[in-house]
Amino acid sequence: TVLHDTISDRPQPLPARYFDTKTTEPISFFLSGLEELLAWQPNSNDEFNVSAVPLAKRQPPLHSRRPRTLVCHDMRGGYLEDRFIQGSATRNPYVFYHWRYIDIFVYFSHHTVTIPPVVWTNAAHRNGVPVLGTFITEWTDGEKLCEAFLAGGEEAYGAVAKQLARIAQHYRFDGWLVNIENTLSVSHGGPAHLSASPCPPLCLSQVHSAVPGGLVIWYDSVLKDGTLKWQNELNDENRMFFDACDGLFTNYNWKEEQLQRTQQLAGPRQNDIYVGVDVFARGDVIGGGFDTDKSLRLIRQYGLSAAIFAPGWVYEHLGKENFLQNENRFWGSLAEYLPTHSICTLPLTTSFSLGMGTSTFLDGKDEESGPWYDLSAQDIQPLYPELQGRLSTSCCLQDAWCGGSSLQLQGTIPPGEERVAVRLFSLQMPAPPKLFLTLLYKLEGPQPDDFTVALEVTTWDSGICLEGNPTSLPGEDPVPLCSLQCYELELQDCSLRDLSVIVSRQQPSLEETSFTCLLGEVRVLDMASMAASPAQVHNVLASQLWWQEGPEPEQLSLSLTLRWSFPPGR
C-alpha cells in the first residue's frame, strides 16, 4: 500500500474522551451520569477500547460446584497509567498476575459507568478470567439518578439495562457489578414498588442475551423496601436481588454467625455468594492485609465464595519498591484457600512477561532500556508455587527472553535427594497424537554445571509420559549460557495433567544444594497445528494523520491510526 498525503502540521481534532490531549495516544474512559449512559453509541474512535483477546477456556468452568474467588480492583479512583491502551513509560507500576487463583476480575471506580480499561480485559481473558465493569449510584446524586430512571417505569430502566448490555457486548468484557448505594425513595421506586420491580432481572436477561456467559453481580447495600442498609449477609431483606442476579457481593463487616445463616439461606447457590473481604481492613472486620487469610479460612469453612476488595493494598500501603516480593507473599499466604484452574486448550506459549519491565527484551537481548507498562502484553501466567525454605517462584526483571521478565526458580535440593519438581501449569485436555514442547532456560549461581533442567509432562492415565533425555541446544552469543530443549512426544488415548520443570543434580550428594534457574520461554504445541501457515492480515488502512516537526531539526514525525482485519480468535 502506498499512502499519498499532503503534509500539514494542523492537529487532528481527536476527541478528548478517546485520545490523550497531550500525546494523541488512545485511552480508556468511563461514563458519568445517566445522560452519558443513554447517549452512548459505538463509533470509530473507540475501536481501540474493544478487547482483541477472546476469553480463554479453562477448567473447571466458572459455574462448577466449588467456591470461587472474585477480585475487585479499586485503586485511587481508577484510570491511572492503565488507561493508556498502547502502554506508557511507567516505572514500578501496579500489575496483577495471580490469575490461576481467581475466577472473576472486577474493575471498580466511583464513576457511574466504569468500563474496564481494555488492557485489563486483554490480560484477564488471555488467562481465562472474565472481567466485569461497575454500574454505581451513590449518595444524593445517585438517588436523583435512580429516581430519573425508576420513575419512568419499565421502559426507562429497560433502556438503562439495554445500554449496559450493549456496552459490555461492544467492548467485549463479560458483565457488570451493580452497586446501588443510595436510598430509593417511596415516590420513585422505593417501598411502593421496588420489590415488584423487574429492573434487576431485566438487566440480567439483557446481559445474558448480549454477552455469552455474561454475569450480573449485585452488591449488598439497598434493601427490598428501598432503605440503604448494608446487611453483611444474605437475608430476606436482600434476597430478591440475589434471586434476580448471578451472585451477591456482600459488605465486609460480617461475623461467623452471618456466614452460617447465609449458607443456609443460599442453599444450592452458596457458591454464588461472594463474601466481601476488604484488604484495607476498614471497619469491624475479621482480617485484612497479611491477615486476609483469617477471613478466607472462615468463608471457605461454609463453602462460600470470596470477593477480595482492593488487593492493591500491597502496592498502595507497602510501597512500589518491593512490590513484586510483597505481592507474592500476600497471594502465597492465601494460596491454600484459592482453588486453582487448569489450562484446557493448546497452544500454550509463554515468556512469563508481566506486561511491564525495566527493559524490553527480544530473543534474550536487551533491545531497549527504560521502564514500560502495557498489560495487553502480559503473557499467560503460571502457578507461583512456594515451599517454605525449599522453593520460591518469582519474577525477574533483570533478564528475560521476550518482553520484560522471566520466571525465577530459587530453591534447594535436600541431602540425599536427586531432584526438585516445580509445577508450572495444571492441564486438563485430551492429548493430541503428537506434542512438540520447548523449554528455554538459564542456570545461574556459582556452579550451574552441577544441575540439569528438563520438562516433565504427566497424564491422568499413565503417570509420567515424558521426562529427560531431550535434545539440548546451547544458545549462541549474544545469549550466553542459555539452553534450549526440544521434545517431540507421541501419545495415544491419554489426557494431559501437569507441566513441570525438573531441576536435578548431575551427581548424587549427601549435602543440601542450592540452585537458581531463569525460565525464558515454555511452549506446548500440537504438531498438527505447526504445519498451518500463519494468518495474513488484510485491509490495512491509515487515518487520523498528524505531522509534526522534530524531534530533530530537518525531521518530521507522524501520528496516525492504523486499522487492519485478521481472522477471529487471532
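Values below: all heavy atoms of this structure, side chains included; hydrogens, waters and symmetry mates excluded.
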Participant: Give the minimum heavy-atom separation between Asp374 and Val119, together with the two atoms involved.
Facilitator: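 Minimum heavy-atom contact is OD1-CG1, 4.1 Å.
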Participant: Please report the C-alpha distance between Tyr94 and Glu81 in whole Å, then the side-chain angles of each, then the deciding distance to 0.1 Å, and finally whether the side chain to side chain donor-acceptor pair (under 3.5 Å) criterion is met.
Facilitator: CA-CA 9 Å; Tyr94 175 76; Glu81 293 83 0; over 6 Å; no
Participant: What pairs with His208 under side-chain hydrogen bond (donor to acceptor under 3.5 Å, both in side chains), at least two apart in sequence or on another chain?
Facilitator: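 In terms of side-chain hydrogen bond (donor to acceptor under 3.5 Å, both in side chains), with neighbours along the sequence ignored, His208 is linked to Asp246.
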Participant: Show your reasoning for whether ring pair (Phe, Tyr, Trp, His ring centres under 6.0 Å) applies to Tyr315 and Phe323.
Facilitator: CA-CA 6 Å; Tyr315 184 84; Phe323 165 63; 5.3 Å; yes
Participant: Distance-only, no hydrogens or angles: does the Ser28 side chain make a donor-acceptor pair with backbone N or O of Ile115 under 3.5 Å?
Facilitator: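 Checking the backbone N and O of Ile115 against the side chain of Ser28, no donor-acceptor pair under 3.5 Å is found.
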Participant: Is Ser351 reaching over with its side chain to a backbone N or O of Ser353, donor-acceptor style, under 3.5 angstrom?
Facilitator: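 Looks like no, no N/O pair under 3.5 Å.
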Participant: Within the distance-only criterion (no hydrogens, no angle test), does the side chain of Asn328 pair as donor or acceptor with the backbone N or O of Gln325 below 3.5 angstrom?
Facilitator: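 Between the backbone of Gln325 and the side chain of Asn328 there is no qualifying donor-acceptor contact (under 3.5 Å).
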Participant: Carefully, step by step, assess Phe105 and Trp99 under the rule ring pair (Phe, Tyr, Trp, His ring centres under 6.0 Å).
Facilitator: CA-CA 9 Å; Phe105 182 87; Trp99 299 109; 5.6 Å; yes
Participant: For atom NZ of Lys255, is the number of surrounding heavy atoms from other residues, nucleotides or ligands below 6.0 Å larger than 12?
Facilitator: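 Atom NZ in Lys255 is crowded, with more than 12 foreign heavy atoms closer than 6.0 Å.
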Participant: If we check side chain to side chain contact (heavy atoms under 4.5 Å, CB included) with Thr292, which of these qualifies: Phe330, Tyr337, Trp331?
Facilitator: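 Among Phe330, Tyr337, Trp331, the one that satisfies the side chain to side chain contact (heavy atoms under 4.5 Å, CB included) with Thr292 is Phe330.
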Participant: What pairs with Arg68 under salt bridge (charged side-chain N to carboxylate O under 4.0 Å, His left out), at least two apart in sequence or on another chain?
Facilitator: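 Partners of Arg68 under the salt bridge (charged side-chain N to carboxylate O under 4.0 Å, His left out) test: Asp272.
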Participant: Using a cut-off of 6.0 Å, state whether more than 12 heavy atoms not belonging to Arg297 lie near its atom CZ.
Facilitator: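 Counting neighbours around CZ of Arg297, more than 12 heavy atoms of other residues, nucleotides or ligands fall under 6.0 Å, so yes.
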Participant: Are any of the side-chain heavy atoms of Val277 and Lys294 separated by less than 4.5 Å?
Facilitator: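 No; the side chains remain at least 4.5 Å from each other.
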Participant: Quick one: CD1 on Ile286 to CG on Asn253, what's the gap to the nearest 0.5 Å?
Facilitator: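 That separation rounds to 9.5 Å.
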Participant: Please list, chain by chain and in numerical order, all residues satisfying side-chain hydrogen bond (donor to acceptor under 3.5 Å, both in side chains) with Gln163, sequence neighbours excluded.
Facilitator: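 In terms of side-chain hydrogen bond (donor to acceptor under 3.5 Å, both in side chains), with neighbours along the sequence ignored, Gln163 is linked to Arg166.
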Participant: If I take atom CG from residue Asp20 and atom CD from residue Gln86, how far apart are they, to the nearest 0.5 angstrom?
Facilitator: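 Going from the CG atom of Asp20 to the CD atom of Gln86 covers 12.0 Å.
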Participant: May I ask you to check whether Ser426 and Arg58 show a side-chain donor-acceptor distance below 3.5 Å?
Facilitator: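 There is no such pair (donor and acceptor under 3.5 Å, judged by atom type) between the side chains of Ser426 and Arg58.
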Participant: Closest heavy-atom contact between Ser64 and Asn271?
Facilitator: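 Closest heavy-atom pair between Ser64 and Asn271: O-OD1, 4.2 Å.
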Participant: Is the shortest heavy-atom distance from the side chain of Val160 to the side chain of Phe135 under 4.5 Å?
Facilitator: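 They are in contact (side-chain heavy atoms under 4.5 Å apart), so the answer is yes.
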Participant: Of all heavy-atom pairs between Ile27 and Ala16, which one has the smallest distance, and what is that distance?
Facilitator: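 Distance-wise, the nearest heavy atoms are CD1-O, 3.7 Å.
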Participant: Is it the case that the side chain of Asp82 and the backbone of Leu80 share a donor-acceptor pair, with hydrogens and angles ignored and the cut-off at 3.5 Å?
Facilitator: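 Pair found, side chain donor or acceptor close to backbone of Leu80.
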Participant: I'd like to know if the side chain of Glu237 and the backbone of Lys224 have a donor-acceptor N/O pair within less than 3.5 Å.
Facilitator: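 No; zero donor-acceptor contacts below 3.5 Å.
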Participant: Could you walk me through whether Tyr107 and Tyr79 pass ring pair (Phe, Tyr, Trp, His ring centres under 6.0 Å), step by step?
Facilitator: CA-CA 10 Å; Tyr107 194 89; Tyr79 301 94; 5.6 Å; yes
Participant: As an exercise, state the distance from CG of Asn92 to CE of Met356, rounded to the nearest 0.5 Å.
Facilitator: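 Nearest 0.5 Å value for the CG-CE distance: 6.5 Å.
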Participant: Looking at side-chain heavy atoms only, is the closest gap between Phe241 and Leu223 below 4.5 Å?
Facilitator: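 No, their side chains stay 4.5 Å or more apart.
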Participant: Are any non-hydrogen side-chain atoms of Ile167 and Leu31 less than 4.5 angstrom apart?
Facilitator: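 Side chain of Ile167 against side chain of Leu31, heavy atoms only: contact under 4.5 Å found.
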Participant: Under the side chain to side chain contact (heavy atoms under 4.5 Å, CB included) test against Arg100, which residue among Ile380, Leu424, Leu338, Val129 passes?
Facilitator: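 Output: one option passes, namely Ile380.
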Participant: Judged by atom type as modelled, is there a donor-acceptor pair below 3.5 Å linking the side chain of Arg66 to the main-chain atoms of Pro60?
Facilitator: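 Flag not set: sc Arg66 to bb Pro60 has no pair under 3.5 Å.
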Participant: So, does Gln378 use its side chain to make a donor-acceptor pair with the main chain of Leu354 at under 3.5 Å?
Facilitator: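 Such a contact is found between Gln378 side chain and Leu354 backbone.
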Participant: Does Thr134 use its side chain to pair, donor to acceptor, with the backbone of Leu177 at less than 3.5 Å?
Facilitator: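 Such a contact is absent between Thr134 side chain and Leu177 backbone.
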Participant: In terms of heavy-atom contacts, does CD of Glu35 have more than 12 from other residues, nucleotides or ligands at under 6.0 Å?
Facilitator: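 No, CD of Glu35 has 12 or fewer neighbouring heavy atoms, counting only those of other groups under 6.0 Å.
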Participant: In Å and rounded to the nearest 0.5 Å, what is the OG to CD1 distance from Ser109 to Ile136?
Facilitator: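 The distance works out to 7.5 Å.
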Participant: How are the rings of Trp120 and His73 set relative to one another: parallel (under 30°), tilted (30 to 60°) or perpendicular (over 60°)?
Facilitator: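 Ring orientation, 0 to 90° scale: tilted.
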Participant: So, the side chain of Asp220 versus the backbone of Asn251: is there a donor-acceptor pair under 3.5 Å, distance only?
Facilitator: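 The answer is yes, because a donor-acceptor pair under 3.5 Å joins these two groups.
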Participant: Flag yes if more than 12 heavy atoms outside Arg91 fall under 6.0 Å of its CZ atom; otherwise flag no.
Facilitator: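 Open.
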Participant: Mind telling me whether Phe309 and Tyr252 have parallel, tilted or perpendicular rings, with 30° and 60° as the class edges?
Facilitator: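 Judged by the thresholds at 30° and 60°, the geometry between Tyr252 and Phe309 is tilted.
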Participant: Are a donor atom and an acceptor atom from the side chains of Thr90 and Ser88 found within less than 3.5 Å of each other?
Facilitator: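 Short answer, yes.
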Participant: Angle class for the Phe290/Trp313 ring planes (parallel below 30°, perpendicular above 60°, tilted otherwise)?
Facilitator: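 Correct class here is perpendicular.
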Participant: Run through Leu37, Leu34, Thr140 and flag the one making a side chain to side chain contact (heavy atoms under 4.5 Å, CB included) with Leu145.
Facilitator: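 That would be Leu34; it is the only one of Leu37, Leu34, Thr140 passing the side chain to side chain contact (heavy atoms under 4.5 Å, CB included) with Leu145.
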Participant: Would you mind reporting whether Leu248 and Arg239 have side-chain heavy atoms less than 4.5 Å apart?
Facilitator: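 Result no, sub-4.5 Å side-chain heavy-atom pair not found.
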Participant: Roughly how far, to the nearest 0.5 Å, is CG of Leu296 from CG of Leu334?
Facilitator: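 Output value for this atom pair is 5.5 Å.
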Participant: Shortest non-hydrogen contact from Trp254 to Gly276?
Facilitator: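 Scanning both residues completely, I find the closest heavy atoms to be NE1-O, 2.7 Å.
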Participant: Decide whether Asp379 and Tyr97 meet the rule of one side-chain donor and one side-chain acceptor closer than 3.5 Å.
Facilitator: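 Absent: no donor and acceptor within the cut-off.
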Participant: Of all residues at least two apart in sequence or in a different chain, which pass the side-chain hydrogen bond (donor to acceptor under 3.5 Å, both in side chains) check with Tyr384?
Facilitator: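 side-chain hydrogen bond (donor to acceptor under 3.5 Å, both in side chains) check on Tyr384 returns Gln381.
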Participant: Could you tell me which residues satisfy ring-ring contact (aromatic ring centres under 6.0 Å, His included) with His110, sequence neighbours excluded, listed by chain and number?
Facilitator: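 Testing His110 for ring-ring contact (aromatic ring centres under 6.0 Å, His included), a comparison that skips the adjacent residues, returns Phe108.
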Participant: Does any part of the side chain of Thr121, heavy atoms only, come nearer than 4.5 Å to the side chain of Val53, both counted from C-beta?
Facilitator: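 No, their side chains stay 4.5 Å or more apart.
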Participant: How long is the straight-line distance from CG of Leu346 back to CG of Leu427, given to the nearest 0.5 Å?
Facilitator: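 Result: 8.0 Å between the selected atoms.
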Participant: Answer yes or no: is there a side-chain heavy-atom contact under 4.5 Å between Val211 and Phe173?
Facilitator: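 The answer is no; the side chains never approach within 4.5 Å.
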Participant: Counting N and O atoms only, with roles assigned by atom type, does the side chain of Thr250 sit under 3.5 Å from a partner on the main chain of Asn232, one being a donor and the other an acceptor?
Facilitator: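 Between the backbone of Asn232 and the side chain of Thr250 there is no qualifying donor-acceptor contact (under 3.5 Å).
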Participant: How close do Ser333 and Asp293 get, counting heavy atoms only, and between which atoms?
Facilitator: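 That would be O-CB, 3.6 Å.
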Participant: Check this for me: Glu257, atom CD, are more than 12 non-hydrogen atoms of other residues, nucleotides or ligands nearer than 6.0 Å?
Facilitator: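 Count over threshold, so yes.
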Participant: Any heavy-atom pair between the side chains of Val522 and Leu348 that's under 4.5 Å?
Facilitator: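 Sidechains of Val522 and Leu348: no contact.
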Participant: Can you pull the side-chain hydrogen bond (donor to acceptor under 3.5 Å, both in side chains) pairs that have at least one residue in residues 169-179, sequence neighbours excluded?
Facilitator: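 Pairs touching residues 169-179 that pass the test: Trp40-Tyr171, Asp46-His170, Asp46-Tyr171, His125-Asp174, Asn179-Glu181.
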Participant: Closest approach of Asn122 and Ser51, non-hydrogen atoms and distance?
Facilitator: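 Reported closest heavy-atom pair: OD1-OG, 2.8 Å.
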